[in-house]
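Side chains included, hydrogens not; waters and symmetry mates left out as well; all remaining heavy atoms used. Protein chains get the first letters and strands the later ones, always in sequence-line order, with residue 1 at the start of each. The shown structure was predicted, so the numbers you read here are calculated from the model rather than taken from an experiment.
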Amino acid sequence: MVKVVTWNVNSINTRLDRVKAFLARESPDYLCLQELKCADEKFPLEAIEGTGYHAAFFGQKAYNGVAVISKEPVEILFRNFGDQHPDEASRVITVRTKHKFDLICVYVPNGQSIGSEKFLYKMDWLKRAKEFLNQHWTLSDRLIIVGDFNIAPDDRDVYDPLAWKEHIHCSTGERAALQDLTSFGLIDTLRMHDQSAGVFSWWDYRELSFARNKGLRIDLIYATPPAASLCRSVKIDRDERRGEKPSDHVPVIATFEI
DNA sequence: ATGGTCGTTGGACGA
């Protein structure tokens, strides 16, 4: 069984002890991280390798940054979309695994508010992501794409859909863009196992959101049909939000019978 | 309704 995890850690260095504890506790095969918030030279590579894991990472100073931490070494296929686009934000790392599937770790732009300049950037970025997928894979490939999508796929993924109606992360335009991206042939693996509302992966640090379960499900694990058919479980590690200095996101853990 | 909390920074900005 192969265990694949996505977790927006909101600073790898601030969260290092939690990451190490998670590796020891869950023993994931692939731990995909977002919002490293550090330049590559400040990535805690020795600490990760000290646990017996390998790390492929693509960071930048202060913001963004993605990584794949793995038991077996991986081959980096692409950073961002592998093109020469003058986008300095480090948001995607794609790796080829020894388990014969490709794995994409994404940190989709937040978008700030509907219609803002950052929102337009988010929408354009999602369009480029679709082109990236179509350029390199087909739905018959074994492909897993995970990350912080900054979009709640539908109203079940929102604690108060009326309050969030047409707000950032939930708007019709963003959901259509996500639908367009996943129409490539990607399956939301959590929904293969659980149709319930109120299953969240992120809660605002403010307003006692976690205690009130005022959250969103924006951290997602998608798979093409050949990979999704091997998915046996998906769970959200809510306990990771407890204790001192948690991230505002918790890990989403999927197992595949590979 | 408003503001509130983090992390990276070294005053705001991003989320």
Any carboxylate oxygen within less than 4.0 angstrom of a Lys/Arg side-chain nitrogen, looking at [X] and [Y]?
X        : Y        : result
A/Asp237 : A/Arg25  : yes
A/Lys122 : A/Glu174 : yes
A/Asp29  : A/Lys3   : no

Phosphate-side-chain proximity, [X] and [N], N/O vs OP1/OP2 below 4.0 Å:
X        : N      : value
A/Ser247 : B/dC6  : no
A/Thr14  : B/dC6  : no
A/Lys245 : B/dG7  : yes
A/Lys118 : B/dG14 : yes

>> Under 4.0 Å, heavy atoms only, any strand: does A/Tyr107 hit a base, just the sugar-phosphate, or nothing?
In response: sugar-phosphate
Do [X] and [Y] have side-chain N/O donor and acceptor atoms under 3.5 Å apart?
X        : Y        : value
A/Trp164 : A/Tyr159 : yes
A/Arg128 : A/Asn80  : no
A/Thr6   : A/Gln34  : yes

>> Of the listed nucleotides (B/dT5, B/dC13, B/dA15), which one gets closest to any side-chain atom of A/Tyr205?
In response: B/dT5
> Quantified in whole Å, what is the P atom distance between nucleotide B/dG3 and nucleotide B/dG7?
Replying inline: 23 Å
>> Please give the distance between the C1' atoms of B/dG4 and B/dA15 as a whole number of Å.
In response: 14 Å
> How are the rings of A/Tyr30 and A/Phe101 set relative to one another: parallel (under 30°), tilted (30 to 60°) or perpendicular (over 60°)?
Replying inline: perpendicular
Rounded interatomic separation in angstrom, taking [atom1] from [X] and [atom2] from [N]:
X        : N      : atom1 : atom2 : answer
A/Asn110 : B/dC13 : CG    : C1'   : 12 Å
A/Lys61  : B/dC13 : NZ    : P     : 16 Å
A/Glu117 : B/dA15 : CD    : C1'   : 17 Å
A/Arg206 : B/dC6  : CZ    : C1'   : 9 Å
A/Tyr63  : B/dA15 : OH    : C1'   : 10 Å
A/Ile12  : B/dC6  : CD1   : P     : 19 Å
A/Arg91  : B/dG14 : CZ    : P     : 11 Å
A/Asn8   : B/dA15 : CG    : C1'   : 9 Å

> Taking only residues at least two apart or on different chains, which pairs with a member in residues 187-198 of chain A satisfy side chain to side chain donor-acceptor pair (under 3.5 Å)?
Replying inline: A/Arg156-A/Gln195, A/Asp157-A/Arg191, A/Asp188-A/Arg217, A/Asp194-A/Ser196
> A/Pro109 or A/Ala62: which one's nearest nucleotide on DNA chain B is closer to the 5' end?
Replying inline: A/Ala62
>> Quick check on DNA chain B: between A/Cys38 and A/Gln112, whose nearest nucleotide comes earlier from the 5' end?
In response: A/Cys38
Interface polar pairs with nucleotides 1-3 of chain B, N/O, under 3.5 angstrom:
from	atom 1	to	atom 2	distance (Å)
B/dG3	N1	A/Glu207	OE2	3.2

